[in-house]
K.L.:
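Have a look at this one before I ask anything.
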Amino acid sequence: MVLDNLGSSLRGSLDKLQGKSRLSEEDVEEIVKEIQRSLLSADVDVSLVMDLSSSIKERATEEEPPGGTSARDHVLKIVYEELVGLIGESTEIPLEPQTIMLAGLQGSGKTTTAAKMAWWFSKKGLRPAVVQTDTFRPGAYDQAKQMCERAEVDFYGDPDEEDPVKIAREGLEETDDADVHIVDTAGRHALEDSLIDEIEDIESVVNPDLSLLVLDAAIGQGAKEQAREFDDSIGIGGVVITKLDGTAKGGGALTAVNETDSSIAFLGTGETVQDIERFEPNGFISRLLGMGDLKQLSERVERAMAETQEEDEDWDPEDIMKGSFTLKDMQKQMEAMNKMGPLDQVLDMIPGLGGGLKDQLPDDAMDVTQDRMRSFDVIMDSMTEEELENPRVIGASRVERISRGSGQDEELVRELLQQHKMMERTLKQFQGMGDGDMQRMMKKLENQGGGGGGMGGMGGLGPFGD
């Protein structure tokens, strides 16, 4: 994920304090220099880096750590709070009728973002519509129409009309019964005067309640000028950072937020319409520092389970906690996991599993794991209904037949069966738990995420319970 290098670098810097109970001036100087290097290499603006590191140095030097707190955890808490302060609050997005206009350069991901945002609003119980006004880029109309069909939301565009202002006006009229209008505008390869003039004309017709600047996470230092010019032209009320599933540095996009004196509204984390999340500063920085984000994880799990159940009404995830755990249940769980997004993103949300653990894994470890899940799925597709319902009937001859039918090694078939047994044993431990037991277990998991000292866990307020 983008900013992984920044997160890994910051975590590495903090780990140098491991085992220390108190900080010397030399420790503080060294850690601040490491943090400066980490932020600058991630393309965060120099002036912001100096302000941030100055605040961290002052607090680390002057504040006394609470009793029983290690030097590393004390500095971790300070870095967390200062980074959250740098990014600021999430853009306010009320769940009510409104018009939102998207601006940005060509290639920033506006058209994809429009459909993703519409999908997000639809999941919140509102009826959205996307109005496509981009007459500059070939294929913009077709792309927007296809994305909106996948998102199952209303769409308006006119591939034969050359006047984007006319399209905007007619689009609002044709989709008058929608609760939320999302107006996608044209981009250019650079901040040309014609782009600014066009978007100002569209704004005068649309009269948006909110204008969002869409930025590619790879924008780098160019984000500052872009953000300033758009802000001067139409007023930017929030930023959407896209392509966070890439390897870009990402600091430039964070700089743009500061430049427009606005905040981040959404994060685009993949290519499908579901790959979008509301920006939550606490969770975002917590993931960056390897402390998880249980709130976002919970939302993804609930959504994925609900969608999987919609596709197969006979399958109820709650039955897993009551009776036997079959291979069919395991296959449905794997389907739900795929709907949650890339595995490395999911790991980032689990306290104690993201961050530091991922730093130790080979670069292709997540790809191998995804491939293994796909192979398991193919194997289960080659099984009979009896085998899926009762895996214990699968002996050597059946393993051989399933291997031939799926085109997978016999060893992989046996590995799948072993994996099922392990999951079945784990679930049996949960089946006798009451609500109090579950809460205690979750609290223990949260506390593992903050690096010790009982500082992990979101609690809706951040990993330090502020």
K.L.:
Okay, side chain of Lys110, backbone of Gly104: is any donor-acceptor separation there less than 3.5 Å?
P.N.:
yes

K.L.:
Heavy-atom distance under 4.5 Å between the side chains of Asp160 and Tyr141, does that happen here?
P.N.:
no

K.L.:
Can you measure from CD1 (Ile234) to CE (Met101) and round to the nearest 0.5 angstrom?
P.N.:
3.5 Å

K.L.:
Starting at NE2 of His420, measure out to CG of Asp329 and round the result to the nearest 0.5 Å.
P.N.:
7.5 Å

K.L.:
Can you see which heavy atom on Ala118 is nearest to which on Val130, and at what distance?
P.N.:
CB-CG2, 3.8 Å

K.L.:
State which residues pass side chain to side chain donor-acceptor pair (under 3.5 Å) with Ser53; sequence neighbours excluded, sorted by chain then number.
P.N.:
Gln36

K.L.:
Can you tell me which residue pairs pass the salt bridge (charged side-chain N to carboxylate O under 4.0 Å, His left out) test with a partner in residues 201-215, sequence neighbours excluded?
P.N.:
none

K.L.:
Tell me whether Thr242 contacts the main-chain N or O of Gly268 through its side chain, where contact means a donor paired with an acceptor under 3.5 Å.
P.N.:
no

K.L.:
Using atom types as modelled and distance alone, determine if a side-chain donor or acceptor of Thr185 lies under 3.5 Å from a backbone N or O of Leu102.
P.N.:
yes

K.L.:
In chain order, what residues pass the side chain to side chain donor-acceptor pair (under 3.5 Å) check against Glu170, with sequence neighbours excluded?
P.N.:
Tyr156

K.L.:
Measure the spacing between NZ of Lys243 and CG of Asp275 and express it to the nearest 0.5 Å.
P.N.:
14.0 Å

K.L.:
Restricting to non-hydrogen atoms, name the atom on Ala168 and the atom on Val131 that form the minimum distance, rounded to 0.1 Å.
P.N.:
CA-CG1, 4.2 Å

K.L.:
Answer yes or no: is there a donor N or O on one side and an acceptor on the other, between the side chain of Asp184 and the main chain of Gln132, under 3.5 Å?
P.N.:
no

K.L.:
Going by heavy atoms in the side chains, are Gln274 and Trp119 under 4.5 Å from each other?
P.N.:
yes

K.L.:
Walk me through it: do Thr326 and Leu388 pass the test side chain to side chain contact (heavy atoms under 4.5 Å, CB included)?
P.N.:
CA-CA 6 Å; Thr326 68; Leu388 288 171; over 6 Å; no

K.L.:
How close do Pro164 and Thr135 get, counting heavy atoms only, and between which atoms?
P.N.:
CD-OG1, 3.9 Å

K.L.:
Is the side chain of Asp231 donor-acceptor paired with the backbone N or O of Ala227 at a distance under 3.5 Å, no angle test?
P.N.:
no

K.L.:
If we ignore angles and hydrogens, is there a donor and acceptor under 3.5 Å between the side chains of Ser263 and Thr91?
P.N.:
yes

K.L.:
Testing Asp176, Asp154, Thr175 for side-chain hydrogen bond (donor to acceptor under 3.5 Å, both in side chains) with His181, which one passes?
P.N.:
Thr175

K.L.:
Who pairs with Phe121 by ring-ring contact (aromatic ring centres under 6.0 Å, His included), at least two apart in sequence or on another chain?
P.N.:
none

K.L.:
Looking only at heavy atoms, which two atoms of Ala265 and Ile93 are closest? And how far apart?
P.N.:
CB-CD1, 4.2 Å

K.L.:
Asn207 versus Thr99: any side-chain heavy-atom pair under 4.5 Å?
P.N.:
no

K.L.:
Identify the heavy atoms of Ile199 and Ala103 that sit nearest to each other, and give their distance.
P.N.:
CD1-CB, 3.3 Å

K.L.:
For residues Ser233 and Glu200, is any side-chain donor paired with an opposing acceptor at under 3.5 Å?
P.N.:
yes

K.L.:
Donor-acceptor pair, distance only, cut-off 3.5 Å: does the side chain of Ser122 make one with the backbone of Arg127?
P.N.:
no

K.L.:
Report yes if some heavy atom in the side chain of Met147 is under 4.5 Å from a heavy atom in the side chain of Phe155; otherwise report no.
P.N.:
no

K.L.:
Is there a side-chain contact between Thr112 and Gln143, using heavy atoms and a 4.5 Å cut-off?
P.N.:
yes

K.L.:
Tell me which pairs pass salt bridge (charged side-chain N to carboxylate O under 4.0 Å, His left out) where either residue lies in residues 82-100, with sequence neighbours left out.
P.N.:
Arg59-Glu82

K.L.:
Should the pair Arg169-Glu173 be classified as a salt bridge under the 4.0 Å nitrogen-to-oxygen rule?
P.N.:
no

K.L.:
Please identify each residue that fulfils ring-ring contact (aromatic ring centres under 6.0 Å, His included) with Phe376, with sequence neighbours left out.
P.N.:
none

K.L.:
For a side chain to side chain contact (heavy atoms under 4.5 Å, CB included) check, start with the C-alpha distance between Phe266 and Lys116, then their side-chain angles and the critical distance, and finish with the verdict.
P.N.:
CA-CA 10 Å; Phe266 290 96; Lys116 287 181 176 184; over 6 Å; no

K.L.:
Can you check whether Leu105's main-chain N or O pairs, donor with acceptor, with Ser108's side chain at less than 3.5 Å?
P.N.:
yes

K.L.:
Side chains of Arg137 and Thr111: does their closest heavy-atom pair fall under 4.5 Å?
P.N.:
yes

K.L.:
Just so I know, are the side chains of Gln331 and Asp381 near enough to count as touching, which here means a heavy-atom distance under 4.5 Å?
P.N.:
yes

